Amino acid sequence: MCGIVAYIGQKEAYPIVLKGLKRLEYRGYDSSGIALLNDGLKVYKRKGKVAELEEMLIGKDLHSHIGIGHTRWATHGEPNDRNAHPHTSSNGKLAMIHNGIIENYGQIKQELTKKGYVFKSDTDTEALLYFIEDIQKHHKVNLEEAVRIALRRVVGAYVIVLIDKDNPDTLIAARKGSPLVIGIGKDEHFLASDASPIIEYTNKVVYVNDYELAIIRPDELILKNLGNEKITPHIQQLDLELAAIEKGGYEHFMLKEIFEQPDTIFDCLRGRMDAKEGSLRMAGVDKNIEQLKNANRFIIVACGTSWHAGLVAEYIFEELCRIPVEVEYASEFRYRNPVIHKGDVIFAVSQSGETADTLVAIERAKEQGAFIFGIVNVVGSSIARISDAGAYTHAGPEIGVASTKAFTAQLAVLTMIALKIAQEKGTLPSKRFMHLLNELHDLPAKAQTMLESNEYIEKLAQKYSAARDALYLGRGYNFPIALEGALKLKEISYIHAEGYPAAEMKHGPIALVDEQLPVIIVATKDSYHEKIISNIQEIKARKGKVIALITAGDTIITEMADDVVEVPEADELVAPMLSVIPLQLLAYHIGVARGLDVDKPRNLAKSVTVE
């Protein structure tokens, strides 16, 4: 959600923090701010984009070697200047930025109000900051100890970073449930919500763990737990290139990332499978194959686009592995009282690896004896660390808020896992195994062919960009792709869209069909093909506008539909990784046609680290 950046060292802090905030804009936000120590504590914040903050600061004296910056996604209090971060203590000595939610802030705020504190914002963050200040005042302790005491009382998730007017050579930071990475330079340190603001300065980083507190000076990094015991920082080499987080000539990150999919699918498969040899190797699967192949049940826990990947995987796992599968919204799973048995395998799927609902869900399932297998994109993320085993998707940084390449990479990983388990379990004939390996091997080239439809889909988008509603239909493996297509259209164009199993259309949604309603049908050739033809006829009989995704050469549906997009022929098990691409492009081009910011849709955040 919110973006956090901080710097301490010998350089000017303001340009580094400002550039870092711009790097984090993709996370989604509605206000921004910066605090600097410059002949006292100076705080500048404003509702709106980082560019508006930058414009406000033209001509101001921004000299400082220490600074903190923040992009806020509103949770407590509407987006405005006074609710923007950083917040300052009542005595004006401290400034703090915060990502997360303090669940018991109301109680803390009430206690502080009785003590005479007057709040200037509606945020939970200000309550925590005043609480820290109050502890400092009444317990006569330094800032580090005051933070430690406060965080023992706090309920919720947080990353906080503080600067202190009285200690201008020190940053204090702490983390629970939200990501924080510290970059280590020569006599300087960089802090951020993810590595994107750091990579141009250093490739040495430390990922801060839950319940850890960091004391950071230009030449020193001290990590402690909340019991005041020192922890040796684990320094990692950052495997990320600056070019990966730049647009590279594309108009938007979303379009760039859609076009990267042939490469990201290839990178996901590379080193893991060899279709010629008929081999498939995945370290996380191989080391735990007994646990996986003997599981009584798989539970896939995810949110949003990752949940749709899980739905496709449900079909794949059950067909190939003959193991029952449940796909759960993490946000619901964590609050239910699910029946978890020792030996159940939970696949936690998350692009960022920091999705709060998914993280809490697997923590609780792990306590009940479940085996956790993480599937994430971000190395060193929280889900990766808490999982018993896992696999990275190797999709590279995904900057566009609406997930695209991460989805196809997740599907590629889930498919390989299913193939490996089925092979070891003996539920998949060797001929079918080899066929599917070859189908996976051919996917990058077919995805490249799919992208050649971009200009045609752009014209389609112009035709349907004024629509107020849309219906997406699919059957079998393609039903979750209909859901994903509808989600993309909602996220990017703000058009109301629904995804449905095509056979369910006549049980309600068909009432929506008229000559104004575009109906997008994923109708590639599979075992449901004849049935989907019948569904198209039902729509056309009611004057609906049909846009059909068809297998190349399908003349039957071509004659029936108003518009068709051809998809290269592929086995129905892997076809969803191809048929989703035109739906991503359609959503993108409709959003652009409507004049919208497709990389940063309103109200959305890239990494949802709060409930």
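Reckoned from all heavy atoms, side chains included, excluding hydrogens, waters and symmetry mates. In this text the structure is predicted, and so the values were computed from the model without any measurement.
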Counting N and O atoms only, with roles assigned by atom type, does the side chain of Asn83 sit under 3.5 Å from a partner on the main chain of Glu78, one being a donor and the other an acceptor? yes
With a 4.0 Å cut-off, would you call Glu484 and Lys488 a salt bridge? yes
Of all heavy-atom pairs between Ala174 and Leu151, which one has the smallest distance, and what is that distance? CB-CD1, 3.4 Å
Ignoring hydrogens and angles, tell me if any N or O in the side chain of Glu491 forms a donor-acceptor pair with the backbone of Ala402 under 3.5 Å. no
Does the Asn99 side chain pair with the main chain of Val159, one donor and one acceptor, at a distance under 3.5 Å? no
Closest non-hydrogen atoms of Pro86 and Ile34, given as atom of the first, atom of the second and distance, are CD-N, 3.5 Å
Salt bridge check, Arg297 against Glu326: does any charged N sit closer than 4.0 Å to a carboxylate O? yes
Assess the side chains of Asn228 and Arg148: does a donor N or O sit below 3.5 Å from an acceptor N or O? yes
What I want to find out is whether Lys256 reaches Glu260 closely enough, with some N-O distance under 4.0 Å, to be called a salt bridge. yes
Using 4.0 Å as the upper bound for N to carboxylate O, is an ion pair formed by Arg602 and Asp597? no
In terms of side-chain heavy atoms, does Glu126 have a donor or acceptor partner in Ser121 at a distance below 3.5 Å? yes
May I ask you to decide if the ring planes of Phe317 and Phe298 are parallel, tilted or perpendicular, using 30° and 60° as cut-offs? perpendicular
First locate atom OG1 of Thr113, then atom OH of Tyr130, and finally report the distance between them rounded to the nearest 0.5 Å. 10.0 Å
For residues Ser403 and Glu398, report the shortest heavy-atom separation together with the two atoms involved. OG-OE1, 3.0 Å
Would you confirm whether Asp267, through its side chain, and Ala395, through its main-chain N or O, come within 3.5 Å as a donor-acceptor pair? no
Minimal non-hydrogen separation, Cys303 against Asp357, with atom names: SG-CB, 4.1 Å
If every non-hydrogen atom of Val312 is compared with every non-hydrogen atom of Pro480, which pair is closest and at what distance? CG2-CB, 3.5 Å
Quick one: does Asp388's side chain have a donor or acceptor within less than 3.5 Å of a partner on Phe371's backbone? no
Taking atom NZ of Lys19 as the centre, does the number of heavy atoms from other residues, nucleotides or ligands within less than 6.0 Å exceed 12? no
Of Thr88, Ile163, Ile172, Leu143, the one forming a side-chain contact (heavy atoms from CB on, under 4.5 Å) with Leu94 is Leu143
Geometric cation-pi criterion, Lys109 with Phe131: 6.0 Å, 45°: no
How long is the gap from CD1 on Ile346 to CZ on Phe373, to the nearest 0.5 Å? 13.5 Å
Using distance alone, with no hydrogens and no angle criterion, decide if Thr71 and Glu25 have a side-chain donor and acceptor under 3.5 Å apart. no
Do Glu354 and Arg175 sit within salt-bridge range, that is, some charged N less than 4.0 Å from a carboxylate O? yes
So, Lys47 side chain and Asp30 main chain: donor-acceptor pair closer than 3.5 Å or not? no
Check for a donor-acceptor pair, side chain of His65 on one end and backbone N or O of Lys11 on the other, with a separation under 3.5 Å. yes
Main-chain N/O of Ala384 paired with Ser387 side-chain donor or acceptor, under 3.5 Å: no
Might you point out which heavy atoms bring Ser306 and Ser350 nearest each other, and give the distance in Å? OG-CA, 3.9 Å
